[in-house]
**Student:** 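Next up is a structure, given as structure tokens.
By convention in this document, chain letters (A, B, ...) are assigned in the order of the sequence lines, proteins followed by strands, and residues within each chain are numbered from 1.
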Amino acid sequence: MSSSDKGSRRHDSRESRDSYHMHNSEGRFNKESKYDDPPHSRLFIVCGKSITEEDFREHFSKYGTIEEIWVVKDRVTEEPKGVTYIKFSKTSEAALAMEEMNGRCIGNHPRPLKVLIAHSREQGSRREINEEERLLRLFVVVPKTLNESDLREHFSQFGDIDYVSIVRERGTRESKGFGYVKYHRMSHTAKAFENCDRSFKPVFADPKPQKDSKMDVFRGNNDMREMRNDGFGVDSGGLNPDGVTRLTVIASPSVNQDQLWRLFDLIPGLDYCDLRKDRKSGQTRGVANVVYNNIQSATYARDKLHGFEYPPGQRLIVKLDGHSHHDMPQCSGAPSLALVSANAGGGARPPPNNIQQDLATQLAETIAQATSLIQAAGLSQQGGSSGAMIGSPSSGGVGETYNPSYCSVKLPPPQPLAPVDSQVVERLFIVCHPSPPPLYALKDVFGRFGNLIDIYMLNGKTFGYAKYASKESADKAIMVLHGQEVLGARMKVMEADPHDKNDSGRKRLRMDDQN
DNA sequence: CGACGGGACGC
DNA sequence: CGACGGGACGC
């Protein structure tokens, strides 16, 4: 019975995985979690080849509930490879077993065991920087009123703390509402992970140095869809033949020039972005020429944006001009692109690293905003009688078209959002009846007065807040939008009362310890 | 009528 | 050094 009760280990997932944030496209992760649920509960053991499953069971079952022991054997010869996986039901059990058994010998087998927490199947044997710290440190959400001593006080019951930290605003030292707790031993971290007050929402912290923020924007943000590379050509791994700075982009016709310009302008060095509608084989689509003033930016744009769904379901095709064809305005085969080999000169200036985080943030915002426009256009046309599909040529000027089924009042064209770290000059209180429209629509509508920093609705409530970096923009939004409708929801829009930052939002901790 | 989210690290 | 199989819901 090497694989005991698999069925029962599908225990219920953590309490606060809010389904709100987890609709579709999680398929890939389920596969992994099947082997690593709860996280880091599987051991990877390097050992003498003669050790049997029963040897392992005898020496490891004292640390907890073993769900499976798998002694890896060669597929053809069936000879043991000296590697075993042991799946525990809890992270802390695996951690304790590792701490106790690593380096020990069992039975009369001479070779000491090497006992590690297994990597994900995806990661395999790849080395990871900061490996130890990853399993010793928790990321926790904390009430803003909580200080480091409070945090330490709660978490010290689970073991010896290396440090606790709360991340604070640089200037004001105000808590940002999250922090880290680090222990010296993984079993302590795991105990805290399992037993701390659930309002901390603990997770094992990511290692701090992120090698590449590249795709971060596409993960964890629900407005995004995952960027894939299948379908169109091969991933050329960042190569850029002949110093090409010009790209050809094929986009859904629902994307307009302004949206496309904003998207590609997030990468520094954009010289030119020209979109035209193109009819090929009965289909309309947008074809754009995009030129950067340096090779690195062009390559970077191709790597980032090729295959990206913008809007969701509409994949961009981004090619470096001249990559596969040269100087041919038309090519045989389907996508006959304007492939004008060009080199707009310019210095070899790579996108600086420090902009990458901003890039990620802005990219997410810009895409969300553009997506809202496109989806709104789509919804409005569904509502109408024309039967036209999203992206019919008539929707080219989405920005300025008065569209009563989207919003009951004529709106200014879309504006970029203000930087996330802008100073909040005015906050609006928004109430929607009977229920709030999708956030992307609100974001678009309230964004059109410029200088919108952020807008959110409270979960399950009919009200929310919009933060502006400019009083003029905020006041205009009130004047134009109060009493109007967005996608059938009537809105009240008024200045928000100042947020009382004191105890009102304080969360209670149940300081009960459960082991 | 209605009133306050999520969260990823400054040295 | 040392990284991934076999079997397969349960009404």
Side-chain angles (χ1 to χ4, degrees), chain A residues 2-3 6-8 10 16 18 20-21 31-32 34-36 42-49 68-75 78 80-85 87 111-128 133 137-144 163 165-171 173 175-180 182 200-201 203-210 213 216 219-222 354 357 360-361 420 427-434 436 439 454-467 491-492 494-502 504-505:
Chain A
S2 72
S3 53
K6 268 179 201 150
S8 71
R10 286 249 63 102
S16 65
D18 51 7
Y20 183 78
H21 287 303
K31 184 172 186 181
E32 180 172 328
K34 173 179 170 191
Y35 301 102
D36 207 19
R42 201 171 55 123
L43 297 180
F44 170 68
I45 302 173
V46 185
C47 53
K49 296 184 181 7
E68 182 178 22
I69 297 175
W70 171 23
V71 180
V72 177
K73 300 190 171 104
D74 184 281
R75 195 176 299 236
E78 304 213 327
K81 292 165 86 171
V83 164
T84 293
Y85 293 92
K87 173 71 177 68
R111 177 175 172 162
L113 305 181
K114 188 164 188 174
V115 183
L116 304 166
I117 299 294
H119 288 168
S120 68
R121 288 185 176 245
E122 205 173 63
Q123 178 175 7
S125 59
R126 277 201 325 278
R127 294 272 174 183
E128 188 182 358
E133 172 150 302
R137 207 169 62 126
L138 294 181
F139 172 79
V140 293
V141 173
V142 301
K144 295 206 168 152
Y163 65 78
S165 71
I166 288 175
V167 180
R168 296 176 180 282
E169 304 287 352
R170 172 168 322 190
R173 306 308 296 159
S175 168
K176 290 174 106 163
F178 60 88
Y180 298 88
K182 187 173 178 226
F200 287 112
K201 300 184 173 148
V203 293
F204 285 85
D206 296 337
K208 358 181 158 159
Q210 249 126 27
S213 70
D216 291 356
R219 302 192 206 284
N221 184 326
N222 307 295
N354 60 355
Q357 195 49 53
T361 306
V420 284
R427 257 169 19 112
L428 304 184
F429 179 55
I430 303 159
V431 186
C432 299
H433 277 297
L439 191 60
D454 191 18
I455 181 168
Y456 64 92
M457 302 299 291
L458 274 84
N459 206 341
K461 300 278 170 60
T462 57
F463 62 88
Y465 298 87
K467 297 195 278 199
M491 300 180 299
K492 297 188 177 183
M494 62 205 91
E495 227 177 298
D497 294 339
H499 193 335
D500 183 12
K501 291 189 170 183
N502 298 330
S504 64

**Student:** Here's a test of your reading of the structure: between A:K467 and A:V167, which maps to the more 5' nucleotide of DNA chain B?
**Tutor:** A:K467
**Student:** I'd like to check, for A:F44, whether its ring lies over the base of C:dG2 with centroids under 5.5 Å apart and a plane angle smaller than 30°.
**Tutor:** no
**Student:** Closest approach to the side chain of A:K114, judged atom by atom: which nucleotide of B:dG5, C:dC1, C:dA3 is it?
**Tutor:** C:dC1
**Student:** Apply the syn/anti split at 90° from 0 to B:dC9 and say which one it is.
**Tutor:**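 With its glycosidic angle more than 90° from zero, B:dC9 counts as anti.
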**Student:** Are B:dC9 and A:F178 stacked, with the base six-membered ring and the side-chain ring centres under 5.5 Å apart and planes under 30°?
**Tutor:**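 Stacking between A:F178 and B:dC9: absent.
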**Student:** So is the aromatic ring of A:W70 stacked onto the base of C:dG5, judging by whether the centres are under 5.5 Å apart and the planes are under 30° apart?
**Tutor:** yes
**Student:** Select one nucleotide: of C:dG5, B:dA3, C:dC4, the one nearest the side-chain heavy atoms of A:R42.
**Tutor:**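 The nucleotide sitting nearest to the side chain is C:dC4.
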**Student:** Find the distance A:Y456:OH to B:dG7:P and express it as a whole number of Å.
**Tutor:** 13 Å
**Student:** For A:Y85 and C:dA3, say yes or no: do the ring centres fall under 5.5 Å of each other while the ring planes differ by less than 30°?
**Tutor:**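 By the stated criterion, A:Y85 and C:dA3 do not stack.
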**Student:** May I ask you to check whether A:F204 and A:F139 place their ring centres under 6.0 Å from each other?
**Tutor:**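 That pair fails the under 6.0 Å test.
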**Student:** Please answer whether B:dC4 and A:F463 are stacked, defined here as ring centres separated by less than 5.5 Å and planes angled under 30°.
**Tutor:** no
**Student:** Under 4.0 Å: is that the gap between some side-chain N or O of A:R121 and OP1 or OP2 of C:dA3?
**Tutor:** no
**Student:** Nearest-Å distance, CD1 (A:I455) to P (B:dG6)?
**Tutor:** 16 Å
